[in-house]
Amino acid sequence: MRLAALELRRFAVRFRTPVAHAAATRRQTSNIIVIARGADGSVGFGEGCPRPYVTGESEHSAASFVAAAADDVIANVTDLDDLRAWIDAHEADIDDNPAAFAALELAILDLLARQDTQPVETLLGLLGPTRAFRYSAVVGDSSATKLVLRLLRYRLAGFADFKIKIIADATRDRRKEALLRLIHGTGCRLRADANNAWSDAEGFIRDLGPMKDLFVAIEEPVKAGDLDGCRSIAKALRVRIVLDESLCRLAQAEALSRDPETWIANIRVSKMGGLIRSLRVADRLVSMGVTLIVGAQVGETSLLTRAGLAVAAAHQEHLFAQEGAFGTHLLAHDLCDPPVMFGRRGLLADAGAILKRPGWGVEVRQERLTD
């Protein structure tokens, strides 16, 4: 392969409904798209979601990284081995710009696989799925009426796995507790996502103690990186802890080796700095005995949903849950047509066909991109 150009575009579209949690309220996407153009005229696409409250990135910083890296990547990356070598040589830069590099890397992987007329999984030597992909329902913080309607809608659609956003507001969370107990039922599994809203473990244990029997896991209850605080919460409330913002790179995984049964790791391709780095972290965690969630950034399109399938398929027997694949359930329109999105019971439609097509196997509507 000879790269001719790496071009940056943006994809901005409103959400059908705002998504609120402790860290932010989002009403539209804020995604960057990289187009990798081969000298033979072939094209690959990649996506990243720069989020200040996740990785400290912005659209501007992501664009600056891609512009700065493009010439060096074009000059030095001609195949998969070159790409892996570039990643190893620029680890610190990617740590600072993971979503930006994710978009760049995913575009190159798509291009390489399309040129060889094979799926990305085949290019990377990955295993295929052993069963259907099933997604969790994700419910943001909202009024009591909206919460009830969304939970009931998901239940009627056959969902049995829920992730609920909670905030450090005692009144709202106690009201939420009562509603969840009413609607939860015996056939549902609930986990909570606190988005680092509590400043310390003691406060979280005090506030969430009355709800502890509802949840099988709590995601990011205290400030990112406070593993000892998370361990205290896990012990006091007898729940497992999901790490998201606290786990963005391979070096951070080693701290989990002493008590792997405590943790569930949320692997999001954009947050981790691309697919290759995501797979490296997932491989290491699974070898320790840590369970995985393949997660998603709010507002990601079918490009990132498709990339996440590679991680999910590679470790399907070690998955606690999958998140994302909202497509036009959330976006006014997707970048890909048809979108890669869940249907009834959270099952992904046409996954088998998608995974057999070259590259990412999706059709990108380039006219929906902006400069």
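Counting non-hydrogen atoms of neighbouring residues, nucleotides and ligands closer than 6.0 angstrom, the CZ atom of Arg2 reaches no more than 12 such neighbours. Residue-environment remark: CZ (Arg84) exceeds the threshold of 12 foreign heavy atoms within 6.0 Å.
To the nearest 0.5 angstrom, Tyr135 atom OH is 5.0 Å from Leu348 atom CG. To the nearest 0.5 angstrom, Leu123 atom CG is 12.5 Å from Arg114 atom CZ. For the atom pair CG of Leu279 and CD1 of Ile267, the computed distance is 9.5 Å after rounding to the nearest 0.5 Å. Between Trp263 atom CH2 and Leu256 atom CG the span is 6.5 Å, to the nearest 0.5 Å. Annotation: the span from Trp360 atom CH2 to Leu109 atom CG amounts to 5.5 Å, rounded to 0.5 Å. The CG atom of Asn266 sits 9.0 Å away from atom CG of Leu247, with the distance rounded to the nearest 0.5 Å.
Residues Val216 and Met211 fall into different hydrophobic clusters, defined by Ile, Leu, Val, Met, Phe, Trp and Tyr side chains chained together at heavy-atom separations under 4.5 Å. Under the 4.5 Å side-chain heavy-atom criterion for grouping Ile, Leu, Val, Met, Phe, Trp and Tyr, Ile264 is not connected to Val222 through any hydrophobic cluster. In terms of hydrophobic clustering, with Ile, Leu, Val, Met, Phe, Trp and Tyr side chains grouped at heavy-atom distances under 4.5 Å, Val294 and Leu127 are assigned to different clusters.
Remark: the backbone N or O of Val138 is not paired with any side-chain donor or acceptor of Glu323 at under 3.5 angstrom. Looking at Glu245, its side chain never comes within 3.5 Å of a backbone N or O of Glu220 through a donor-acceptor pair. At distances below 3.5 Å, not a single donor-acceptor pair connects side-chain atoms of Asp116 with backbone N or O atoms of Gln118. Listed for the Gln28 side chain is no donor-acceptor partner under 3.5 Å among the backbone atoms of Ala12. Under the 3.5 Å distance criterion, the side-chain polar atoms of His318 are left unmatched by any main-chain donor or acceptor of Leu285. No side-chain donor-acceptor contact under 3.5 Å links Arg277 to the backbone of Arg249. Proximity of a side-chain donor or acceptor of Ser270 to a complementary backbone N or O of Cys49 within less than 3.5 Å is detected. Arg134 places a side-chain N or O within 3.5 Å of a backbone atom of Arg345 that can act as its donor or acceptor partner. Listed for the Asp334 side chain is no donor-acceptor partner under 3.5 Å among the backbone atoms of Pro339.
When all heavy atoms are compared, the tightest approach of Ala313 to Pro129 is CB-N, 3.8 Å. Between Leu347 and Ala132 the shortest heavy-atom distance is CD2-CB, 3.9 Å. Here the closest non-hydrogen pair linking Ser30 and Pro50 is O-CD, 3.6 Å. The two atoms that bring Ser61 and Asn97 nearest to each other are O-OD1, 4.2 Å, heavy atoms only. Closest approach of Val281 and Met272 over heavy atoms only: CG2-CE, 3.7 Å. In terms of heavy-atom proximity, Leu243 sits nearest to Cys230 at CD2-SG, 4.5 Å.
In the model, Arg9 has no side-chain atom that pairs as donor or acceptor with a side-chain atom of Asn31 under 3.5 Å. Using modelled atom types and a 3.5 Å distance limit, the side chains of Gln252 and Ser246 yield no donor-acceptor pair.
Put simply, the side chain of Ile233 reaches to within 4.5 Å of the side chain of Ile205, judged on heavy atoms. For the pair Asn195/Tyr53, no side-chain contact is recorded, criterion being any heavy-atom separation below 4.5 Å from C-beta on. Inter-residue side-chain proximity for Asn76 and Asp82 is flagged as unmet; no heavy-atom pair is nearer than 4.5 Å. Considering only heavy atoms from C-beta on, Leu106 stays 4.5 Å or farther from Val120 through its side chain. Residues Arg368 and Thr301 have side chains not in contact (no heavy-atom distance under 4.5 Å, counting atoms from C-beta outward). Glu105 has its side chain within reach of Leu83: a pair of non-hydrogen atoms, C-beta onward, lies under 4.5 Å apart.
Just one of Lys163, Arg191, Arg189 meets the side-chain hydrogen bond (donor to acceptor under 3.5 Å, both in side chains) condition when paired with Ser136; it is Arg191. Each of Tyr154, Phe159, Phe133 was scored for a ring pair (Phe, Tyr, Trp, His ring centres under 6.0 Å) with Phe342, with one residue passing: Phe159. Applying the salt bridge (charged side-chain N to carboxylate O under 4.0 Å, His left out) test between Arg306 and each of Glu300, Glu121, Glu47 identifies Glu121 as the sole match.
Ring orientation note: the planes of Trp86 and Phe101 are close to parallel, at an angle under 30° on the 30°/60° scale.
The pair Asp228-Arg231 meets the salt-bridge criterion, since a charged nitrogen lies less than 4.0 angstrom from a carboxylate oxygen. Under the 4.0 Å criterion applied to side-chain N and carboxylate O atoms, Glu57 and Lys271 are not assigned as salt-bridge partners.
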Item to check | Step-by-step side-chain contact (heavy atoms from CB on, under 4.5 Å) determination, Gln366 to Phe45 | outcome: CA-CA 10 Å; Gln366 294 189 56; Phe45 297 91; 3.5 Å; yes
Checklist entry - After noting the C-alpha distance and the side-chain angles of Phe11 and Leu303, does the key distance pass the side-chain contact (heavy atoms from CB on, under 4.5 Å) rule? => result CA-CA 12 Å; Phe11 180 69; Leu303 273 175; over 6 Å; no
Checklist entry - Step by step, would you call Arg357 with Asp350 a salt bridge (Lys or Arg N to Asp or Glu O under 4.0 Å)? => result CA-CA 11 Å; Arg357 298 174 191 142; Asp350 300 323; over 6 Å; no
Next on the checklist: Walk me through whether Val242 and Asp193 qualify under side-chain contact (heavy atoms from CB on, under 4.5 Å).
Outcome noted: CA-CA 8 Å; Val242 182; Asp193 185 2; over 6 Å; no
Next on the checklist: Does Arg240 form a side-chain contact (heavy atoms from CB on, under 4.5 Å) with Thr262? I'd like the steps, not just the answer.
Outcome noted: CA-CA 5 Å; Arg240 298 170 75 185; Thr262 299; over 6 Å; no
Checklist entry - Arg284 and Glu254: salt bridge (Lys or Arg N to Asp or Glu O under 4.0 Å), yes or no, with the steps? => result CA-CA 9 Å; Arg284 178 65 183 123; Glu254 298 307 317; 3.0 Å; yes
